[in-house]
Amino acid sequence: MAARVRYDQRVLALIEVRGGSRDWAEAESVFEAHGWPVVGHEPRGQGASAGILGADAAARVYRVEIRLYGAARRAERGATWQVRNAARAAQLEMYVRRADRLDRDSEMLTEWLAYSTAHRAGQLARVARRLARAGVFDAGTQVTGGPGEALRLARAGLDGGAPRAVAVRPMDGRWKRPARMRRRRQFDHRMAVFGIGAAVMVASAAIAAEQTGGARFFWVGAALVAGCVALLAGGTVDRGHVLGTMLGVGGGLAMLLLFALRDGGLTEAGGVRMLYGLTLLTGLWLLVRQWTWGEWATWAVPLAATLLISSFVGAGSVLHAFYADSLQLTPGDLDVPPMWQFLSALRLLTLLMPVLLVPAVWGIAKHYHYVVPGERVGGLMYVTILAAFLVAGGSLAMDSAEEAASRTEKAARQGREAPHYYGVEPAWTCVEPTVPLASLPGEGPRLDPARPYLAFGVAGGDAVLWDRRAGEPLKVPAGKVRLVPAKSAQVRCGR
C-alpha cells in the first residue's frame with residue numbers, strides 16, 4: 001500500500017512491539033506502508049523507556065511519527081486508534097505507550113518589497129514618497145519578517161557587495177500598523193470557525209423569528225452561542241489589535257443579522273435549508289478529503305459513476321411508477337417525455353437528500369476523532385442508520401407520488417381540471433368511436449361516448465382514460481377512437 005503524503009496532524013508515539021525479530025520487521029513494514037516515519041527504536045527498558053518499563057528481550061520500543069487527518073483536538077487519541085487498527089490488520093502485538101501531538105504550525109510573516117531611497121533628496125520628496133508607496137521605485141527584492149528584520153534583509157549585500165540604499169514597504173499596504181505574526185493553520189481554523197459560526201447564527205435567528213414558546217428560546221440560544229463563537233474567532237485573527245478587530249467583527253455580524261432578518265429576508269424554511277446545506281457540505285468535505293487517490297480510483301469513482309448513471313436512467317420512472325400504481329395504472333400506461341423523466345429523477349434525488357446526512361455527520365465525527373477506524377460495531381451502526389434514512393427517503397418519494405395521484409383522482413371526481421405531474425398532463429377529452437360501439441374492445445368500464453373522460457394520453461397503442469363515475473381507469477384502442485379535447489367535464493359530447 002502506498003504511503004500517504006497528505007495529512008493534518010503529526011503525533012509522536014511511543015509504540016511497544018512484542019514477538020521478537022520477525023514481528024519487529026513486520027511492524028516496521030506496517031509503519032512504512034502507512035507513511036509513518038520511525039524516529040528511532042531500542043529494546044524495552046532502554047533509551048526512552050529506561051527506568052520506566054521493565055526490560056524484555058522479546059519487546060522493542062519504537063518512536064514513530066503518526067500522520068493522520070482530522071482536527072488537532074483529540075489527535076493523539078485518533079493516532080492511538082490508527083495504530084491499534086493497523087496492529088489488528090497485521091495480527092501484531094503492538095501497544096501505544098504514549099502519544100504526543102506535535103505542533104508545527106508555521107508563522108504568517110509579513111511580506112515586504114524593497115524600494116530605492118534615492119528619491120528622498122530634493123523638493124519633490126513628498127511626491128516621490130507617494131510614488132514609492134505605489135511601487136514606482138521598487139528594487140525587485142521581496143523580504144519576509146518583522147519591520148527591523150525586513151529592512152536589514154533588504155539592505156544586506158548577499159552577493160558580497162556593499163549594502164544597498166533601499167527601504168521597505170509592506171505588501172498589505174499597512175504602513176503604520178503592519179500585520180502581527182500569526183500561525184497559518186490557526187488563522188485558517190479561526191476564519192473557518194468565523195464563517196460557519198456566522199452562517200449558523202443567521203440561520204438560527206431566522207428560524208427563531210417564526211417560532212414560539214420553548215422552540216424560540218432554543219433557537220435564540222443557538223444563535224447567541226454561534227454569534228459568540230464567530231465573534232471570538234474573528235476578533236482574535238489579528239493578534240495585538242484584538243479590541244479593534246472584535247469591534248469591527250461585531251459590527252459586521254450585527255449588520256449581517258439585520259440584513260438577514262429584514263422584511264423579505266431569510267425565512268424559517270431558508271434557515272433550515274441553510275443549516276442542512278452547511279452540515280452536508282462541511283461533513284461530506286471532511287469525509288471525502290480523507291480518501292486517497294487510490295481509494296477514489298479503486299472504488300469511489302466507479303461507484304459514484306454507476307450510481308449517477310443508474311439514478312438518472314432508472315429513477316426517472318420511479319415517481320411515475322408510484323403515481324401510476326396509485327391510479328390503478330402501470331408505468332407503461334404513461335407516455336412520459338425523456339425530459340420530464342430527467343426532471344422527476346432530480347426530484348427523486350432531492351427527496352433522498354436526507355440520506356446524505358448520515359455520511360456527513362459521520363465525516364464530522366471522524367474529523368474530530370469520535371469514530372474508531374475498523375470497529376465493526378461502528379460500521380454496522382453506520383449501515384443501519386443509512387438504511388433507515390434510505391427507507392425514510394423512499395417513503396417520502398412514495399408519499400409525494402401518492403399525494404399527486406390523490407389530487408388527480410379528486411379533481412376527476414369533482415369534474416375539475418386535473419393537476420399535471422412531471423410530464424403527465426391529464427385533460428378532459430371526448431372519445432368518439434370510429435367503429436360500432438358494441439364491437440369496440442377495451443379494459444375497464446363500458447365506454448359512454450356522451451360524456452368526457454380524463455385522458456392521460458396514448459401509450460402502447462391504447463388511449464388511457466379515467467372514468468370519473470366508476471372511479472377506475474379505462475383503456476380503448478387508440479386506432480378505433482377519435483380523441484377530441486373537451487372544455488370541461490360538464491360538456492356533452494357527440495353534439
Side-chain angles (χ1 to χ4, degrees), residues 8-11 69-78 101-110 146 172 174 176-209 211 215-262 265-266 270-286 289 360-361 363-370:
D8 293 329
Q9 308 299 332
R10 299 165 60 190
V11 176
Y69 286 100
R73 183 177 177 82
R74 297 169 54 92
E76 60 280 358
R77 177 167 294 186
R101 180 173 59 85
L102 303 177
D103 186 7
R104 297 294 186 266
D105 196 1
S106 59
E107 291 183 349
M108 296 177 61
L109 302 177
T110 305
D172 58 12
R174 295 189 292 181
K176 296 182 179 180
R177 188 171 64 88
R180 295 296 190 272
M181 293 184 183
R182 299 181 294 258
R183 297 286 182 176
R184 166 61 63 183
R185 292 175 58 189
Q186 183 185 66
F187 175 80
D188 294 341
H189 172 74
R190 290 181 180 177
M191 290 304 297
V193 171
F194 168 74
I196 294 176
V200 173
M201 177 195 70
V202 170
S204 300
I207 297 174
Q211 297 290 328
R216 167 171 287 187
F217 286 111
F218 172 80
W219 288 109
V220 167
L224 289 175
V225 171
C228 291
V229 170
L231 180 62
L232 182 62
T236 55
V237 165
D238 192 359
R239 286 173 28 184
H241 305 91
V242 176
L243 181 59
T245 306
M246 193 164 288
L247 289 175
V249 171
L253 290 174
M255 293 295 295
L256 179 63
L257 200 59
L258 292 175
F259 180 78
L261 297 182
R262 75 190 193 285
L266 192 64
V272 173
R273 284 193 294 267
M274 180 181 290
L275 289 178
Y276 177 74
L278 184 64
T279 303
L280 282 186
L281 291 177
T282 303
L284 293 178
W285 166 246
L286 292 177
R289 69 183 296 270
V361 174
I364 295 174
K366 190 175 181 181
H367 178 76
Y368 288 99
H369 312 291
Y370 285 101

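Just so you know, these numbers use all the heavy atoms, side chains as well, and skip hydrogens, waters and symmetry mates.
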Which pair of non-hydrogen atoms, one from [X] and one from [Y], has the smallest distance, and what is that distance?
X      : Y      : value
Arg185 : Gln9   : NH2-NE2, 2.6 Å
Ala223 : Ala205 : CB-N, 3.9 Å
Met274 : Ala203 : SD-CB, 3.8 Å
Ala75  : Val11  : O-CG2, 3.8 Å
Val249 : Gly235 : CG2-N, 4.1 Å
Ala198 : Leu256 : CB-CD2, 4.2 Å

Measure the [atom1]-[atom2] distance between [X] and [Y] for me, rounded to the nearest 0.5 Å.
X      : Y      : atom1 : atom2 : answer
Asp103 : Gln186 : CG    : CD    : 9.0 Å
Ile196 : Met191 : CD1   : CE    : 11.5 Å
Tyr368 : Leu286 : OH    : CG    : 7.0 Å
Gln211 : Phe217 : CD    : CZ    : 12.5 Å
Ile364 : Thr279 : CD1   : OG1   : 6.0 Å
Trp285 : Leu280 : CH2   : CG    : 15.5 Å

Are the side chains of [X] and [Y] in touch, meaning some heavy atoms are under 4.5 Å apart?
X      : Y      : value
Lys366 : Tyr69  : no
Leu253 : Leu231 : yes
Val200 : Val225 : no

(request) Could you tell me whether the side chain of His369 and the main chain of Gly70 form a donor-acceptor pair under 3.5 Å? (result)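 A pair under 3.5 Å: no.
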
(request) Identify, with sequence neighbours excluded, every residue that meets side-chain hydrogen bond (donor to acceptor under 3.5 Å, both in side chains) alongside Arg273. (result)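 For Arg273, no residue satisfies side-chain hydrogen bond (donor to acceptor under 3.5 Å, both in side chains) once neighbours in sequence are set aside.
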
(message) Just to verify, what does Asp8 make a side-chain hydrogen bond (donor to acceptor under 3.5 Å, both in side chains) with, not counting sequence neighbours?
(response)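 Asp8: side-chain hydrogen bond (donor to acceptor under 3.5 Å, both in side chains) contacts with Arg289.
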
(request) Give a yes or no on this: more than 12 heavy atoms of other residues, nucleotides or ligands lie within 6.0 Å of atom CZ of Arg73. (result)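 Open: at most 12 neighbouring heavy atoms sit under 6.0 Å from CZ of Arg73.
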
(message) Test of understanding: with salt bridge (charged side-chain N to carboxylate O under 4.0 Å, His left out), list the residues that count as partners of Arg10, not counting sequence neighbours.
(response)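 Glu65.
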
(request) Might you work through the side-chain contact (heavy atoms from CB on, under 4.5 Å) test for Val202 and Leu266, ending with a clear yes or no? (result) CA-CA 8 Å; Val202 170; Leu266 192 64; 3.7 Å; yes

(message) Ring of Phe194, cation from Arg190 - is the NZ or CZ under 6.0 Å from the centre and inside 45° of the axis?
(response)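 Verdict for Phe194: no cation-pi partner in Arg190.
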
